[in-house]
K.L.:
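First, the structure itself, so that you have it in front of you.
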Amino acid sequence: MNIDFPELIWLDEQHDVSLDELIELSGLTQQELRHLVESGALIPNKLADDDWRFNSHCVVSVRTLSRLKQDFELEPNAFALTLVFLERIRKLELQLRDLDQTQKT
Amino acid sequence: MKFKDYYEILGVARTATADEIKKAYRKLAHQYHPDVSKDPAGEEKFKEIGEAYATLKDAEKRAAYDELGRHPSGQEFRPPPNWSGSRGGQEYSFDDVDLSDLFASFSKGRQGSQHQGRSMPIPGQDYELATQISLEDALHGTTLDLSFTVAEYDQQGQLKRVPHTFKARIPKGVTNGQKMLLRGKGGKGANGGSDGNLYLNISFIPHRLFKVVDHDLYLDLPLTVTEAALGATIKVPTLEGAVNLKVPEGIASGQKLRIGKRGLPKHNQEHGDLYAVIQIVVPAKLSDRERELFKELAKASTFNPRAHFE
């Protein structure tokens, strides 16, 4: 029996997504994402203007930002700062998890 | 359909102004939003709060909600005949639908009418699912049977909660805490809108022997005092069968011995390693002969493990 498996995207530091994919997955507009890049909150792998690609782990943070924007009616100026904090939390949580696992070994 | 008191959920009077409703929502959202709060019950609570606010912040929806009258929370009820919330005057069966589905469809119907009869594409909802796999599944890759409930329109245009079941192939290379996205496997889009996505959070079922850090595995390796002092060749389990490990003489508790490429595979053909963490153990009870030999050793040995105390 043939089974059609859904397309799967890895969300981690080793894989990447294009700007168009990030727009589609996050629900943010191109303008909002450009604002995030220009303010340094979101860093593409390559800065060539037409070919932005991002580490795919950022999909989760950017999508969270999109939800926060909608649920808290965030102003554009609070945007970049929120993403910086979300990324910092994500990294700290990863460090905490690794530390926790190392301590158990 | 069960009644939900949206005013009660937001903690405001039925006569509250739009500003009071907004303030109450923001206060509760800061407390319970799942991206802000770590309260495990927060997500369910925030769904209620968000649902209540989505209806009460919109004057037209609020008026339609008020038309439903006041019922005790959780009580079964049906909207009155010709209720203004029915989409395009269409009658719902109201079975298998809850109040949030009804008001979501109310706004979708209205968005369509605002665009000269052409319905706006509405993207499907994203879902998030946590699943656990074994280390063996991570080693070889696996196929998961995933199942959750989504709200979808049937052919008659009625909203129903339907089970969503499908298979997903998880390739080898994942590690504990891996996030993945399954495109198009969330809720169905409406009016030609794209289907939502499913976010999968993968964690490992704790293994009886191995602990995981990234793609490396750690195994506690108990040794006797003599094995640690004299060195030994020990049969060590790995996920792919036992291997012989040469333990050098004079090894101490806590030291790690690396067994290359016996950890978990990475997505790029590389492989994590297995670390054997030395634990020196002694028998709780000694035989007479063992005691005699240990005493003899104690007398003969000049080794001082606490030299650095002095």
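All chains are named by letter (A, B, ...) in the order of the sequence lines, taking the proteins before the strands, and each is independently numbered beginning at 1. Just so you know, these numbers use all the heavy atoms, side chains as well, and skip hydrogens, waters and symmetry mates.
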K.L.:
For each of B/Thr143, B/Val36, B/Asn268, B/Asn176, tally heavy-atom pairs with chain A at distances under 4.5 Å, and name the one with the top tally.
P.N.:
B/Asn176

K.L.:
Of the backbone (N, CA, C, O) and the side chain (C-beta and beyond), which part of B/Gln279 lies under 4.5 Å from a heavy atom of chain A, both, or neither?
P.N.:
neither

K.L.:
Tell me, which pairs form a salt bridge (charged side-chain N to carboxylate O under 4.0 Å, His left out) where one or both residues lie in residues 190-209 of chain B, sequence neighbours left out?
P.N.:
B/Lys188-B/Asp195

K.L.:
Go through the atoms of B/Tyr275 and report whether side chain, backbone, both or neither lie under 4.5 Å from a heavy atom of chain A.
P.N.:
neither

K.L.:
Which atoms of A/Glu13 are under 4.5 Å from chain B, going by heavy atoms: the side chain, the backbone, both sets, or neither?
P.N.:
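The answer is neither part of A/Glu13.
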
K.L.:
Find out whether A/Asp71 and B/His33 are in side-chain contact, i.e. whether some heavy atom of one side chain is under 4.5 Å from a heavy atom of the other.
P.N.:
yes

K.L.:
Please determine whether side chain to side chain contact (heavy atoms under 4.5 Å, CB included) holds for the pair A/Phe5 and B/Leu182, giving the CA-CA distance in whole Å, both sets of side-chain angles, and the decisive distance to 0.1 Å.
P.N.:
CA-CA 9 Å; A/Phe5 289 104; B/Leu182 298 170; over 6 Å; no

K.L.:
Can you tell me how far apart CZ (B/Arg26) and CZ (A/Phe72) are? Round to the nearest 0.5 Å.
P.N.:
9.0 Å

K.L.:
Just give me the residue among B/Gly50, B/Ser194, B/Pro171 that pairs up with chain A most often, heavy atom to heavy atom, under 4.5 Å.
P.N.:
B/Pro171

K.L.:
Checking side-chain contact (heavy atoms from CB on, under 4.5 Å) against B/Lys179, which of A/Val59, A/Asp12, A/Ile9, A/Val60 comes through?
P.N.:
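Of the listed residues A/Val59, A/Asp12, A/Ile9, A/Val60, the side-chain contact (heavy atoms from CB on, under 4.5 Å) partner of B/Lys179 is A/Val60.
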
K.L.:
For B/Glu44, is the CD atom crowded, meaning more than 12 foreign heavy atoms sit under 6.0 Å from it?
P.N.:
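Counting neighbours around CD of B/Glu44, 12 or fewer heavy atoms of other residues, nucleotides or ligands fall under 6.0 Å, so no.
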
K.L.:
Under 4.5 Å heavy-atom distance to chain B, tell me which part of A/Glu73 shows up: side chain, backbone, both or neither.
P.N.:
both

K.L.:
To the nearest 0.5 Å, what is the distance between CG (B/Asp35) and CD1 (A/Ile89)?
P.N.:
9.5 Å

K.L.:
Under 4.5 Å between any side-chain heavy atoms of A/Arg63 and B/Asp126, yes or no?
P.N.:
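With C-beta onward as the side chain, the pair touches.
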
K.L.:
Is there a side chain to side chain contact (heavy atoms under 4.5 Å, CB included) between B/Asn197 and A/Leu25 once you walk through the steps?
P.N.:
CA-CA 8 Å; B/Asn197 299 314; A/Leu25 296 173; 3.3 Å; yes

K.L.:
Is any side-chain heavy atom of A/His15 closer than 4.5 Å to a side-chain heavy atom of B/Met180?
P.N.:
no

K.L.:
At their closest point, which heavy atom of A/Pro6 faces which heavy atom of B/Lys167, and how far apart are they?
P.N.:
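Scanning both residues completely, I find the closest heavy atoms to be CD-O, 3.2 Å.
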
K.L.:
So B/Arg169 and A/Leu8, side chain to side chain contact (heavy atoms under 4.5 Å, CB included) or not? Walk me through it.
P.N.:
CA-CA 8 Å; B/Arg169 179 172 284 157; A/Leu8 186 140; over 6 Å; no

K.L.:
Taking side chain as everything from C-beta outward and backbone as N, CA, C, O, which of these in B/Lys22 sits under 4.5 Å from a heavy atom of chain A? Side chain, backbone, both or neither.
P.N.:
side chain

K.L.:
Taking side chain as everything from C-beta outward and backbone as N, CA, C, O, which of these in A/Gln70 sits under 4.5 Å from a heavy atom of chain B? Side chain, backbone, both or neither.
P.N.:
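The answer is neither part of A/Gln70.
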
